[in-house]
Amino acid sequence: MSVRVRFAPSPTGFMHVGNARTALFNYLFAKHNRGKFILRIEDTDLERHSEEAVKVIYEALKWMGIKWDEGPDVGGNYGPYRQSERREIYKEHIEKLKEKGLVYECFCTTEELEKMRKEQLERGEPPRYTGKCRNLTEEEKEKLRKEGRKPVLRFKVPKDRIIKFKDLVKGEIEISSNQLGGDFVIVRSNGMPVYNFVVVVDDALMEISHVIRGEDHISNTPKQILLYEALGFKVPQFAHLPMILGSDRSKLSKRHGATSVKEFKEKGYLPEAFVNFLALLGWYPKDGKEVLSMEELIERFEIKDVNSAPAVFDTTKLNWLNQVYIRQYPLNKLTELTIPYLKKAGLNPENFPREWLEKVIGVVREYFTTLSDAPKYAELFLRDDIEIEPEALKFLQEEPKRVEVIKLFYEKLKGLNGEIEQESFKALVKEVGKELKAKGKNLFMPIRIGITGKTSGVELPILAELLGKERLIKRLERSLSQLKEIA
RNA sequence: GUCCCCGUCGUCUAGCCAGGCCUAGGACACCGGCCUUUCACGCCGGCGACGCGGGUUCGAAUCCCGCCGGGGACGCCA
């Protein structure tokens, strides 16, 4: 049997990390089994659907490196891939159920149903539809219609049936049909069929072999199995992924902070790190290797290794992974991705030769965890109008000799023949130290401050070489004049 | 309330199905040391968990029962 899985998000305008993980696991499962990964847009609820929102889904998946074999934009033999375009197909199958006498019209209004639910809850009963309209006569229906009521279509849930299915993650699950909340709606009063119905029709017609989705769908599964059977379809295999929780162990939501894929992209996480992190949320490779590329993930991914317990979404590990990926990323690509962050911080990376910029990124990448940290470190290289930080100033003022160190270093640098590089820089510092009898912190820190205005940063010789003599001199002059003003 | 799912270090997890190799392993975080005349990186080390109670067994994180705790679902949302 060939493997066909689908990711079927509803276009809400943002891609939640939970959805992203569902997509990823579907993708990994499909590719591991040389199967197809299908994208289907669940937009039956018309009011909520918009073109823009569909684009958000495409972009998130693309960013993550997930490619779909069939979908609304790329086509395929099982289309259309948008539920809003499949109405005729649904109609056909609804007719089938009508003919079999498995559905009936229900005229209860939303308010009536809500009231009923509330009362049931107050009595401590589970909320359920009582089947009030199940045996309406034609005359009664006519009367209700005349009142202006538009009926919904409900599916007749059989009594006392135990519905069983083998979940690939959770194991055997069984539930009584009496527990389903009564006859459920499959067509709204406006004629649009409801999720539980269309998902069955679509999955069956698209020949989906494995339905892999979030755990919150477990309670829908028995209803859907009933529909598969009623429609004469083969029931697919199910796999319900554990929930992703917030730090307080409740379902992850916006109040827990960043939860959309876009936010992670904007914060400067690399897609490879993000995907790697998501994969580790509820799944673990047999060989224990944790830093894995998409190819390596595909190679190792087994649905049976998915943990059945929910996972807390904690980004500390993501941060670590991002650091790892930043350090091993191709330098030209990393530079490309970093430039927008530098610009946003008011720096002008374009004023410098690309080759030189890459060298700079190559040095500072060791220091940052996300791309948005880049300006903080790259600033040292990209702007010369530095100001001495208060902390640094305090350090210099504690000991007059410290300022002398800067002055002498400046003089010596000016007298230097040719361009400066790491070795000559070190030699120069050494000379200054000898002449002024300064060493350790008293020697290096003033020079650092003279050049950068800060008390910490990248290694001085490297910084000096990349900056070059001319810029070093300019910076030292600037710092010196700042010190003079204060004195 | 009812049903369903889940419960191993702070977090992600390995081990559980096929009980002894588990004085419970790894990763991240945290703490300490080394390296670096700063910070970071790197290296070394440390802290730290089987929810509780019964039972079965020579032996239980692993099997059984109960309890407790957490989560989810109960929509003309998906």
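Heavy-atom basis, side chains included; hydrogens, waters and symmetry copies ignored. Protein chains get the first letters and strands the later ones, always in sequence-line order, with residue 1 at the start of each.
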> Taking the same atom, C1', in B:U11 and in B:G55, what whole-Å distance lies between them?
Replying inline: 34 Å
>> A:Lys286: which residues meet the salt bridge (charged side-chain N to carboxylate O under 4.0 Å, His left out) condition with it, sequence neighbours left out?
In response: A:Asp305
>> Need the pair for B:A18. Rule: Watson-Crick or G-U wobble, both distances under 3.5 Å, any strand; none if unpaired.
In response: none
>> Suppose you measure atom C1' in B:C63 against the same atom in B:C17; what distance do you get, rounded to whole Å?
In response: 11 Å
> Tell me: CG of A:Leu245 to C1' of B:C12, nearest whole Å?
Replying inline: 13 Å
> Angle class for the A:Trp68/A:Tyr58 ring planes (parallel below 30°, perpendicular above 60°, tilted otherwise)?
Replying inline: parallel
>> Quick check: A:Phe301 with A:Trp283 (ring centres under 6.0 Å apart)?
In response: yes
>> Looking at A:Glu391 and A:Lys394, is any side-chain nitrogen of the basic one under 4.0 Å from a carboxylate oxygen of the acidic one?
In response: no
> With distance as the sole criterion, do the side chain of A:Ser189 and the base of B:C76 form a donor-acceptor contact below 3.5 Å?
Replying inline: yes
>> Check this one for me: any side-chain N or O of A:Arg327 less than 4.0 Å away from OP1 or OP2 of B:C41?
In response: no
> Given B:U11, B:C5, B:C76, which nucleotide is nearest the side-chain atoms of A:Asp314?
Replying inline: B:U11
> How far does the C1' atom of B:G42 sit from the matching atom of B:G53, given to the nearest Å?
Replying inline: 48 Å
> Using the C1' atom in both, what is the distance from B:C30 to B:G66, to the nearest Å?
Replying inline: 38 Å
> Quick one: A:Phe277 CZ to B:U11 P, roughly how many Å, whole number?
Replying inline: 14 Å
> Can you tell me the Watson-Crick or wobble partner of B:U36, both distances under 3.5 angstrom?
Replying inline: none
> So, is A:Lys223 close to the B:C4 phosphate, meaning a side-chain N or O under 4.0 Å from OP1 or OP2?
Replying inline: no
>> Using the rule given for salt bridge (charged side-chain N to carboxylate O under 4.0 Å, His left out), can you reason through A:Lys170 versus A:Glu215, listing the C-alpha separation, both sets of side-chain angles and the distance that settles it, and then say yes or no?
In response: CA-CA 9 Å; A:Lys170 304 276 179 185; A:Glu215 190 178 9; 2.8 Å; yes
> Between atom CZ in A:Arg213 and atom P in B:A73, what is the gap in whole Å?
Replying inline: 13 Å
>> Roughly how many Å apart are B:A61 and B:A49, using the C1' atom of each and rounding to a whole number?
In response: 10 Å
> Does a side-chain N or O from A:Lys454 land closer than 4.0 Å to OP1 or OP2 of B:U38, or not?
Replying inline: no
> Which part of the nucleic acid, if any, lies within contact of A:Gly214, taking any heavy atom under 4.0 Å across all strands shown: a base, the sugar-phosphate backbone alone, or nothing?
Replying inline: nothing
>> Without decimals, in angstroms, what is the distance between A:Asn319 CG and B:A27 P?
In response: 18 Å
> Which nucleotide, in any strand shown, forms a Watson-Crick or G-U wobble pair with B:G69, with both distances under 3.5 Å?
Replying inline: B:C6
> Which listed nucleotide (B:C76, B:C28, B:G70) is nearest to the side chain of A:Trp320?
Replying inline: B:C28
> Side-chain N or O of A:Arg128 less than 4.0 angstrom from OP1 or OP2 on B:C3?
Replying inline: no
> Closest to the A:Glu366 side chain: B:C3, B:C41, B:U38?
Replying inline: B:C41
>> Does the structure show a Watson-Crick or G-U wobble partner for B:C47, both distances under 3.5 Å? Name it, or say none.
In response: none
> Which one is paired to B:U57, where only Watson-Crick or G-U wobble pairs with both distances under 3.5 angstrom count?
Replying inline: none
>> Any N or O donor-acceptor pair under 3.5 Å from the base of B:A78 to the side chain of A:Asn220?
In response: yes
>> Side chain of A:Arg117 only, heavy atoms from C-beta on: which candidate in B:G72, B:G75, B:U38 is closest?
In response: B:G75
> What is the base-pairing partner of B:C74, counting Watson-Crick and G-U wobble geometry with both distances under 3.5 Å?
Replying inline: B:G1
> Would you call the rings of A:His240 and A:Phe165 parallel, tilted or perpendicular, where under 30° means parallel and over 60° means perpendicular?
Replying inline: perpendicular
> C1' atom, B:C44 versus B:U36: distance in rounded Å?
Replying inline: 16 Å
>> Distance criterion of 3.5 Å, no angle test: do you see the side chain of A:Glu290 paired donor-to-acceptor with the base of B:G26?
In response: yes
> From B:C6, B:A78, B:G72, pick the nucleotide closest to the side chain of A:Tyr195?
Replying inline: B:A78
> When the P atoms of B:U13 and B:G20 are considered, how many whole Å apart are they?
Replying inline: 23 Å
> So what does A:Ser219 hit on the nucleic acid, given a heavy-atom distance under 4.0 Å: a base, only sugar-phosphate, or nothing?
Replying inline: sugar-phosphate
> Under 6.0 Å between the ring centres of A:Phe184 and A:Phe155?
Replying inline: yes
> Does B:A27 have a Watson-Crick or wobble partner in any strand here, with both distances under 3.5 angstrom, and which is it?
Replying inline: B:U11
>> Suppose you measure atom C1' in B:G51 against the same atom in B:G7; what distance do you get, rounded to whole Å?
In response: 7 Å
